[in-house]
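Down below is the structure, laid out as structure tokens.
The figures that follow rest on heavy atoms only: side chains count, while hydrogens, waters and symmetry mates do not. Just so you know, residue 1 is the first one in the sequence shown, and it goes up from there.
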Amino acid sequence: MTEAGTVTEAGTVTAETDEKEILTEIRDGVCVITFNRPQARNAVTSTMALAYAAALRAADDDPQVRAIVVTGAGAGFCAGADLAVLRDGAEAIKKFVPAREDLPALTMRLRKPVIAAVNGAAVGIGFAYMMGSDIRIAAESAKIATAFSRLGLAAEYGVSWLLPRAIGLQSALDLLLTGRTIGAQEAAKLGLVQQVVPDGTVLEAAVAYAKDLVENCSPFSLAMIKEQVYLDLDRSQDDALTDTLRRMDIAFEGPGLAEALTARTEKRPAVFDALPTREA
């Protein structure tokens with residue numbers, strides 16, 4: 001793994017940071033982004049939040065990358081904001097909060113699927129980072145909590161909008177109001193996570209999930225479907241159907257369908273084009 005902003009043998013990530021709080025590695029089309037403060041259970045600092053957002057954008061814009069996996073170094077995913085910041089008072093906390101475009105919901109605006117490999121505690125902003133991911137895979141010993149109510153805080157980073165849509169109103173209120181800690185199995189039962197795997201295998205499982213997308217799915221389709229799903233959260237059925245028909249016309253005329261059909265006829269894997277950079 002390398003510091004965000006360096007070149008690996010597998011590829012280039014252009015995000016820059018003077019810290020090593022965020023690591024990136026490209027594995028066969030999968031960009032693994034790691035929160036790297038294991039001594040602090042990957043508690044978030046302001047530089048770490050900025051570096052993470054930059055690494056996400058860089059991965060989303062890298063044609064070599066077709067899926068993104070997010071995890072934490074050591075025994076935890078992300079234990080929330082660094083408590084030292086919380087103890088410094090309101091003005092320090094306000095300066096800590098990332099700009100709107102760098103908030104945890106950034107992952108929902110990326111074109112590429114983001115899979116969270118939750119290897120331990122996911123609390124506070126760590127919970128928000130986990131929830132912002134498209135797919136969540138947890139280790140058996142993972143511990144998950146909103147925690148906001150137990151710190152005298154509001155439901156932060158948009159989780160009051162996302163959580164009821166993900167798991168239903170009453171379950172969302174339960175987790176937000178109590179701030180209680182739940183385990184991986186309860187999280188799976190609620191729909192917070194899609195898979196629970198043995199400890200020590202969560203990153204492997206998340207990368208395998210991502211590689212299946214890389215090897216078998218059209219990047220164009222993944223980007224379009226992801227955008228549709230998040231836009232449709234706030235659209236009427238009629239508007240969603242209108243948009244679907246428009247996108248169907250675009251897809252019918254695109255190269256992906258022709259390649260998929262040809263590959264099936266020739267009994268070989270389809271070779272889909274990479275997404276262009278956003279500037280292209």
Side-chain angles (χ1 to χ4, degrees), residues 1-8 11-26 30-38 40-73 76-82 84-86 92-119 122-136 148 155-162 206 210 222-223 226-227 230 275 277-279:
M1 292 186 178
T2 65
E3 178 183 354
T6 63
V7 180
T8 72
T12 303
V13 176
T14 58
E16 294 182 357
T17 174
D18 293 328
E19 304 291 336
K20 293 184 179 180
E21 295 174 331
I22 296 295
L23 304 178
T24 62
E25 179 187 12
I26 301 177
V30 178
C31 182
V32 178
I33 301 177
T34 304
F35 300 121
N36 188 44
R37 295 188 71 219
R41 296 190 301 157
N42 301 313
V44 179
T45 66
S46 58
T47 56
M48 184 175 175
L50 292 173
Y52 177 55
L56 286 170
R57 289 194 181 91
D60 197 49
D61 204 42
D62 188 338
Q64 295 184 73
V65 175
R66 299 198 176 193
I68 301 166
V69 169
V70 180
T71 195
F77 179 74
C78 176
D82 192 311
V85 176
L86 300 182
I93 296 172
K94 289 178 183 178
K95 292 177 182 178
F96 169 85
V97 176
R100 188 183 182 96
E101 61 270 18
D102 290 338
L103 293 176
L106 166 63
T107 45
M108 298 165 60
R109 300 192 298 274
L110 301 182
R111 300 175 298 170
K112 298 168 185 178
V114 180
I115 299 98
V118 184
N119 55 313
V123 180
I125 191 173
F127 177 89
Y129 282 140
M130 180 194 80
M131 288 304 302
S133 301
D134 305 306
I135 300 293
R136 297 173 285 277
F148 305 121
E156 295 182 341
Y157 302 111
V159 296
S160 59
W161 177 89
L162 179 58
L222 294 175
K226 180 173 173 176
E227 184 178 50
Y230 287 123
L275 289 174
T277 61
R278 289 187 183 271
E279 292 78 14

### Heavy-atom donor-acceptor pair, Asp82 side chain to Thr45 backbone, under 3.5 Å
no

#### Entry: Over all atoms of both residues, closest heavy-atom pair of Ala51 and Ile22
CB-CG1, 3.7 Å

### Task
Answer whether the closest heavy-atom distance between the side chains of Tyr129 and Thr107 falls below 4.5 Å.
no

### Query
Should we count CZ of Arg57 as having more than 12 external heavy atoms under 6.0 Å?
yes

### Message
If I compare all heavy atoms of Arg66 with all of Pro113, which pair ends up nearest, and what's the gap?
### Response
O-CD, 3.6 Å

### Message
Can you give me the closest heavy-atom contact between Ala73 and Asn36, atom names plus distance?
### Response
CB-OD1, 3.6 Å

### Query
Are the side chain of Asp134 and the backbone N or O of Val114 linked by a donor-acceptor pair below 3.5 Å?
yes

### Task
For the residue pair Leu110 and Lys226, establish whether any side-chain heavy-atom pair is separated by less than 4.5 Å.
yes

### Message
How long is the straight-line distance from CG of Asp62 back to OG1 of Thr277, given to the nearest 0.5 Å?
### Response
10.0 Å

#### Entry: Min side-chain heavy-atom separation Val30-Ile115 under 4.5 Å
no

### Query
If you measure from CE on Met108 to CG on Leu103, what distance do you get to the nearest 0.5 Å?
12.0 Å

### Pairwise distance CD(Glu21) to CG(Leu23) - rounded to 0.5 angstrom
10.0 Å

### Query
Which distance, rounded to the nearest 0.5 Å, do you find between the OG1 of Thr24 and the CG of Leu56?
11.0 Å

### Asp61 side chain near Arg111 side chain, heavy-atom distance below 4.5 Å
yes

### Query
So, for Glu101 and Arg109, which heavy atoms are closest and what is the spacing to 0.1 Å?
O-NH2, 3.1 Å

#### Entry: Polar side-chain atom of Arg37 near backbone of Val44 as donor-acceptor pair, under 3.5 Å
no

### Query
Only one of Phe127, Tyr52, Tyr157 clears side chain to side chain contact (heavy atoms under 4.5 Å, CB included) with Pro104; which?
Tyr157

### Task
Compare every heavy atom of Gly126 with every heavy atom of Phe77, then report the nearest pair and how far apart it is.
CE2-O, 3.6 Å

### Message
Looking at every heavy atom in both Ala210 and Ala67, which two are closest together, and how far apart are they?
### Response
CB-CB, 3.8 Å

#### Entry: Carboxylate-amine/guanidinium contact Asp60 Lys112, below 4.0 Å
no

